[in-house]
Visitor: 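Please see the structure below; I have some questions.
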Amino acid sequence: MRTTVGIIGAGPAGLLLARLLHRAGIDCVVLESRDREYVERRQRAGILEQGTVDALRACGAGARLGREGLVHHGIELRFEGRRHRVDFPSATGGRSVTVYAQTEMVKDLIALQLDEDGPPLLFGARALAVEKPDSAAPEIRFHHEGRERTLVCAVVAGCDGFHGIARRAVPADRVRTFERDHPYSWLGVLADVPPSCEELIYARHPRGFALHSMRSPRVSRLYLQVPNGTDPAAWPHERIWDELSLRLGVDPDADGGGSWTLERGPITAVSVTPMRSFVQEPMRHGSLFLAGDAAHIVPPTGAKGLNLAVSDVLTLARALIHHHRTGSTELLDGYSATCLRRVWQAERFSSFLTDTLHPRPDQSPFEGRLQVARLDRIATSATASAELAENYVGLPLS
Ligand code: FAS
Ligand code: PHB
C-alpha cells in the first residue's frame, strides 16, 4: 500500500488530521488497532475549548456538536465549604467552553470519514513499527486481517496515543523526555442522573479532590481522587455517592454558601485513570511527526488533553498543506517548536490546577494551607480569577 500521509491511530488526533488532509486533497490512510465500537465507546474527555469547537465547525464536523453541545460560561470552585464562580466571557473577551464528550466527537469524525467517502480507515490494523522514519519514504509495518502488511508513505503521523509505538521509532539518543507521576488517580463515574449543577464543580476537600461534570442534561460525569492502584470494585456505588456528596458539599454559612444537594442515580460505568504529566521532545524526527497523547500527556484536571491533540493536528495539517501547495518545508521545520510552546503552557496550567486541588497523601499541613491560600486568592482577586479563565478556555492558537 502507498499513500502520502500514513496516520497511526483513530483517536481525535488521527481522525481530525485525516479530515483536514482529505479536504485539502492530500491522500492519507488511517490505521487503527481497535475496532470501531471500542474506539467510539471509550470514555475520555468532555470539555472542548473554543478553538476546538471552531476547528470542528470549519471542517464540517460541527453539526451535531452545535445541536447537542452544552456551552458553559464558567466553572465553580469549592473549598473549605466556600463557593466561587469563575466567569469566562468577562475575563476572556467573550470566550467559553463546550461540554461535548470525546466519544461523540470521535463518532462524528468516523461517520464523516466512512460515509462521505473519506480517506481509507482500517480498523483492526495494528502498527508494529515505523521503518526508515528519517527517510523520504518511511514505512509503517502493520498487522491486519491475519497478515503483516507495509504502508509506504512520504510522511508518518504518530497519533497513536501514550501507549502507541510511533514515539518509540525515534532513536533514544535523539529525544528528551520530561515526566512526573502524581501520587493519586481519578475514579471516573458515569451516571444516568441529571447533573446537580449548571456548570462544572471543582472541589478541594481535605479527604481529596472531586469533580462534577456532565455529558448531557440527563447524564452526569463525576470524578473522585483515589490512591494509585485503586480497584474500582473496592468502591460500591453507595460509597461513591456518599464520598462525592461529602467532598462536593457546601457550608450554608460560608462565602457563597446556600444549600446544595447531589442527586443520585444508576451508575453505568466506573474506571480508574492514573494522573500523569509527560512530554517527549522534539515532536518530529525526519518524516515522522507526533501529535496528541503520542507526544505528551497532561493530568485531566485542566481539561487540556483532547484540546492539545487538536491544536497539534491543526498545526501539522497547516504545515503539510503549505508544503503540498508551495513545496516549502518552512512550517514543517517549525512544527515541533510551535506545538511544544503550547504544550508546555498546558502542562504548566494543568500542573497548577492539579497541585492546588489535590491534597497529596504525604503532604505537610503547611502545603495544605498553601492550597487553600491559592484558591482564596482566585476567589478574592479578579486578576487571579481571570488568569484561570484565560487558561481554561484555551490560550490562542499560535
Ligand atoms: P488517543 O489515545 O485518544 O488515540 C490513539 C489511538 O491510537 C487509539 O484509538 C488507539 O487504539 C490507537 N493505537 C494505539 N496504538 C496503536 C497501534 N500500534 N496501531 C494502530 N493504532 C494504535 N482528557 C481530558 O481533557 N479530560 C479527561 O477527562 C480525560 N480523561 C482521560 C481518561 C483516560 C483513561 C485517558 C487515557 C485519557 C484521558 N484524557 C482526558 C486525555 C484524552 O482525552 C487524550 O488527550 C485524547 O484521547 C488524545 O487523543 P489522541 O492523541 O488522538 O490519542
Ligand atoms: C469530563 O467531563 O470528563 C471532564 C471535565 C473537566 C475536566 C476533566 C474531565 O477537567
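From a predicted model like this one, the values you see are computed outputs, not experimental measurements. Remember, it's 1-based here, ligands and their atoms both numbered in the order they're listed.
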Visitor: Quick one: does V170's side chain get under 4.5 Å of V130's, heavy atoms only?
Guide: no
Visitor: Regarding ligand 1, does A13 bring an N or O atom to under 3.5 Å of one of the ligand's N or O atoms?
Guide: yes
Visitor: Polar contacts were defined as any N/O atom of the residue lying under 3.5 Å from an N/O atom of the ligand; does this apply to W186 and ligand 2?
Guide: no
Visitor: Numbering the atoms of ligand 2 from 1, which are under 4.0 Å from a heavy atom of R215?
Guide: 1 (C), 2 (O), 3 (O)
Visitor: Evaluate T268 against D192 for side-chain hydrogen bond (donor to acceptor under 3.5 Å, both in side chains), listing each step before the verdict.
Guide: CA-CA 7 Å; T268 56; D192 281 344; 4.6 Å; no
Visitor: Step through it carefully: locate the ring centre of H358, locate the ring centre of F209, and say whether they are under 6.0 Å apart.
Guide: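 Yes.
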Visitor: Closer than 4.0 angstrom, basic N to acidic O: yes or no for E387 and R374?
Guide: no
Visitor: Could you list which atoms of ligand 2 come closer than 4.0 Å to a heavy atom of Y202?
Guide: 6 (C), 7 (C), 10 (O)
Visitor: Considering the heavy atoms of K304, write down every atom of ligand 1 situated less than 4.0 Å from one of them.
Guide: 25 (O)
Visitor: Can you tell if the side chain of F88 reaches within under 4.5 Å of the side chain of R95, non-hydrogen atoms only?
Guide: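 Of all side-chain heavy-atom pairs linking R95 with F88, none is under 4.5 Å.
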Visitor: Of all the atoms in ligand 1, which lie at a distance below 4.0 Å from a heavy atom belonging to P300?
Guide: 26 (N), 27 (C), 28 (O), 29 (C)
Visitor: Would you check the N or O atoms of Y392, main chain and side chain alike, for any that come under 3.5 Å of an N or O of ligand 2?
Guide: no
Visitor: Please walk me through it: do R36 and E40 pass salt bridge (charged side-chain N to carboxylate O under 4.0 Å, His left out)?
Guide: CA-CA 6 Å; R36 177 173 182 176; E40 291 185 343; 2.9 Å; yes
Visitor: Enumerate the atoms of ligand 1 whose separation from the nearest heavy atom of Y223 is less than 4.0 angstrom.
Guide: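 Listed by number with element, the hits are 28 (O).
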Visitor: Below the 3.5 angstrom mark, is there an N/O of W186, backbone or side chain, next to an N/O of ligand 1?
Guide: no
Visitor: Quick test: of every protein heavy atom, which one is nearest to atom 1 (P) of ligand 1, and how far off is it to 0.1 Å?
Guide: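 Answer for atom 1 (P) of ligand 1: R44 NH1, 3.7 Å.
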Visitor: What residue and atom, counting heavy atoms only, is the protein's closest point to atom 4 (C) of ligand 2, and at what distance?
Guide: Y223 CE1, 3.9 Å
Visitor: For atom 8 (C) of ligand 2, what's the nearest protein heavy-atom neighbour? Residue, atom name and distance, please.
Guide: P300 O, 3.2 Å
Visitor: Any atoms of ligand 2 less than 4.0 Å from a non-hydrogen atom of L211? List them with their elements.
Guide: 6 (C), 7 (C), 8 (C)
Visitor: If we set the cut-off at 4.0 Å for heavy atoms, which region of R44 has an atom near ligand 2: side chain, backbone, both, or neither?
Guide: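 It is the backbone that touches ligand 2; the side chain stays farther off.
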Visitor: Does D293 reach ligand 1 with a nitrogen or oxygen that is under 3.5 Å from one of the ligand's nitrogen or oxygen atoms?
Guide: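 Yes; the residue has a nitrogen or oxygen that sits under 3.5 Å from a nitrogen or oxygen of the ligand.
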Visitor: For ligand 2, does V99 get within less than 4.0 Å through its side chain, its backbone, both, or neither, judged by non-hydrogen atoms?
Guide: neither
Visitor: How does A303 reach ligand 2, if at all, at less than 4.0 Å between non-hydrogen atoms: by side chain, backbone, both, or neither?
Guide: both
Visitor: Check contact between Y100 and ligand 2, using heavy atoms of the residue and a distance below 4.0 angstrom.
Guide: no
Visitor: I'd like to know if R180 pairs up with E347 as an ion pair, taking the criterion as any Lys NZ or Arg NE/NH1/NH2 lying under 4.0 Å from an Asp or Glu carboxylate oxygen.
Guide: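 Judged by the 4.0 Å cut-off on N to carboxylate O distance, R180 and E347 do not form a salt bridge.
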Visitor: Can you name the one residue among R247, R264, H237 that meets side-chain hydrogen bond (donor to acceptor under 3.5 Å, both in side chains) with D242?
Guide: R264
Visitor: Do S271 and Q43 come within less than 4.5 Å of each other through their side chains, counting heavy atoms only?
Guide: no
Visitor: With heavy atoms of G292 as the reference, note each atom of ligand 1 found under 4.0 Å away.
Guide: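 Counting atoms of ligand 1 from 1, those under 4.0 Å from G292 are 51 (O).
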Visitor: Do L331 and H323 come within less than 4.5 Å of each other through their side chains, counting heavy atoms only?
Guide: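 With C-beta onward as the side chain, the pair stays apart.
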Visitor: Is any side-chain heavy atom of N391 closer than 4.5 Å to one of R348?
Guide: yes
Visitor: Under 3.5 Å, N or O to N or O, is A45 touching ligand 2 that way?
Guide: no
Visitor: Which atoms of ligand 1 have any heavy atom of G161 under 4.0 Å away?
Guide: 2 (O), 5 (C), 53 (O)
Visitor: Please confirm whether A309 comes within less than 3.5 Å of ligand 1 when only nitrogen or oxygen atoms on both sides are compared.
Guide: no
Visitor: Side chains of R204 and Y202: donor-acceptor distance under 3.5 Å anywhere?
Guide: no
Visitor: Check whether any side-chain N or O of T230 sits under 3.5 Å from a backbone N or O of V226 as a donor-acceptor pair, and report yes or no.
Guide: no
Visitor: Under 3.5 Å, N or O to N or O, is R34 touching ligand 1 that way?
Guide: no
Visitor: Enumerate the atoms of ligand 1 whose separation from the nearest heavy atom of I8 is less than 4.0 angstrom.
Guide: 19 (N), 20 (C)
Visitor: If you measure every N/O of L306 against every N/O of ligand 1, is any gap under 3.5 Å?
Guide: yes
Visitor: Would S33 count as being in polar contact with ligand 1, using the rule that some N or O on each side must be under 3.5 angstrom apart?
Guide: yes
Visitor: Going by the order shown, which atoms of ligand 1 are within less than 4.0 Å of some heavy atom of G164?
Guide: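 Per the distance check, 15 (N).
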Visitor: Any N/O of G14 closer than 3.5 Å to an N/O of ligand 1?
Guide: no
Visitor: If you measure from atom 2 (O) of ligand 2 to every heavy atom of S350, G188, S213, which option wins on shortest distance?
Guide: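 Shortest heavy-atom distance from atom 2 (O) of ligand 2: S213.
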Visitor: At what distance is the nearest protein heavy atom to atom 5 (C) of ligand 1, and which residue and atom is it?
Guide: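 Its nearest protein heavy-atom neighbour is C159 O, 3.4 Å.
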Visitor: Tell me, do R85 and E199 make a side-chain contact under 4.5 Å, heavy atoms counted?
Guide: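 Yes, side chains in contact.
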Visitor: Taking C-beta and beyond as the side chain, do V156 and I8 meet within less than 4.5 Å on heavy atoms?
Guide: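 Of all side-chain heavy-atom pairs linking I8 with V156, at least one is under 4.5 Å.
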Visitor: Return the option from Q43, Q102, E49 holding the heavy atom at the smallest distance from atom 46 (C) of ligand 1.
Guide: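 Shortest heavy-atom distance from atom 46 (C) of ligand 1: Q102.
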Visitor: I want to check something: taking the side chain as every heavy atom from C-beta on, are L121 and L15 in contact at a cut-off of under 4.5 Å?
Guide: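 Counting from C-beta outward, L121 and L15 do come under 4.5 Å.
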Visitor: Please confirm whether T273 comes within less than 3.5 Å of ligand 1 when only nitrogen or oxygen atoms on both sides are compared.
Guide: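 Not met; the criterion fails.
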Visitor: For G305 and ligand 1, does the shortest N/O to N/O distance drop below 3.5 Å?
Guide: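 Between G305 and ligand 1, an N or O pair is found under 3.5 Å apart.
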Visitor: Checking R167 against F162: charged group under 6.0 Å from the ring centre and within 45 degrees of the axis?
Guide: yes
Visitor: Do you know the tightest heavy-atom contact between M214 and E198?
Guide: CE-O, 4.0 Å
Visitor: Would you mind listing which atoms of ligand 1 come within a distance below 4.0 Å of any non-hydrogen atom of A125?
Guide: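 This gives 19 (N), 20 (C) as the contact atoms.
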Visitor: Ring centres under 6.0 Å, that's the criterion: do F278 and F178 meet it?
Guide: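 No, they do not, as the ring centres are separated by 6.0 Å or more.
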Visitor: Any idea which atoms of ligand 2 are less than 4.0 Å away from a heavy-atom of I47?
Guide: 5 (C), 6 (C)
